[in-house]
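Read the numbers this way: they start at 1 and go in the same order the structure lists the ligands and their atoms. The shown structure was predicted, so the numbers you read here are calculated from the model rather than taken from an experiment.
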Amino acid sequence: MTVVTHEPNLQEIHDFLVELAKKAGEMALAANPSTLTTDSKKNSSDLVTETDQAIEKMVYTALKAKYVNYEFLGEETYQPGMKLTDAPTFICDPIDGTINFVHGFPNVCISLGFTLRKKPVVGVIYNPFQHRMFTAIRGRGAYLNLTTRLPLKAFPEPLMGLTSALVAVEWGSDRSGRNWDTKYKTFRRLAGSAEDGGAMVHSLRCMGSAALNFCAVAAGYVDAYWEGGCWAWDVAAGWIILEEAGGIVVDANPGNWEPTVDGRKYLAIRAAPSGQKEIIEELWSNVVGTYDYTS
Ligand code: LIP
């Protein structure tokens, strides 16, 4: 167990993560990935490229040299059984949106988070293809490109329920079994018409990066993001960016208002003067089945 005797300097960590994210961005831009040279992990929709691995190595090496005593959890070096602990921990997704990356679809980012006692306190997410950097430090607000405060609307509109909501979802890489059933049946219910028992959301958006979905909710151009199957590295940075922008995170399964970063199921809601609790309960009432990531 790591013993840290002083409180980490969050501003310094933020600034260092911003520098690393920019460096990682240059590596991603310089790469020329192809579906032909990409390896599959769990299945053909769970991909890894040399660039994912090279960026994680660069980030790990830099962080370990500067913050010798802090823990590190990264997508490409994760081994089953590794757990997020109370220790100060850097959480890295070197490329979130790997499928987008190999197809040249420009919704791709580097996601770097820092947690204390399992709570995200610094987040840096950078999409080098669209020159968009989202950042936050606990208690100090969330920003786009380091200067524009999030959410983008100074006075966000009230949330008026699912019929007027734009909701992000992801297909993910689990394509069979209980969690798959829960996912696609809930998509149908959320999008379907009222005559068919559906919630008839304005639309569903599937953009291929969990981290950037959190940023979209933080910015306020997506109202909610309902997800099951992601990992701590997909959400840690986005979580603090969303919270600092006035949004909230609860569980994707109905009833749990206190989700954990490594719980693998999330419902993120944008900042609003009213309607957050109501839209969470309405969305929960449209979840068909429940997610189970315990095994
Ligand atoms: C991916 C996500 C995507 C989600 C996948 C996967 P990767 O991360 O961000 O949105 O649906 O399950 O976790 O593999 O591109 O880093």
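Here the protein heavy atom with the shortest distance to atom 3 (C) of ligand 1 is Gly208 O, 3.9 Å. At the top of the distance list for atom 10 (O) of ligand 1, counting protein heavy atoms only, stands Ala210 N, 3.2 Å. For atom 7 (P) of ligand 1, the closest non-hydrogen atom of the protein is Asp96 OD1, 3.6 Å. Counting only heavy atoms of the protein, atom 13 (O) of ligand 1 lies nearest to Asp234 OD2, 3.3 Å. Ranking the protein heavy atoms by distance from atom 11 (O) of ligand 1 puts Glu170 CB, 3.2 Å first.
Remark: the Ser209 side chain and the Asp96 side chain contain an N/O donor-acceptor pair separated by less than 3.5 Å. Side-chain contact check for Glu170 and Asn213: at least one donor-acceptor pair (N or O, by modelled atom type) lies under 3.5 Å. Donor-acceptor pairing under 3.5 Å is recorded for the side chains of Glu56 and Thr77. Side chain to side chain, Ser173 and Asn43 fail the donor-acceptor criterion of an N or O pair below 3.5 Å. Between the side chains of Glu12 and Tyr67, at least one donor N or O sits under 3.5 Å from an acceptor N or O.
Distances from atom 15 (O) of ligand 1 to the heavy atoms of Gly97, Ser209, Ser45, Cys230 put Gly97 nearest.
The shortest N/O to N/O separation between Tyr225 and ligand 1 does not fall below 3.5 Å. Between Trp171 and ligand 1, a contact under 3.5 Å exists for no N or O pair. Any N or O atom pair closer than 3.5 Å counts here, and Gly229 shares no such pair with ligand 1.
For ligand 1 and Gly172, the ligand atoms under 4.0 Å from any heavy atom of the residue are 11 (O), 12 (O).
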Run the salt bridge (charged side-chain N to carboxylate O under 4.0 Å, His left out) check on Glu243 and Lys119 step by step: do they pass? CA-CA 11 Å; Glu243 282 186 342; Lys119 302 276 184 214; over 6 Å; no
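Judged by distance alone, with hydrogens and angles left aside, the side-chain atoms of Arg264 form a donor-acceptor pair with the main-chain N or O of Cys230 at under 3.5 Å.
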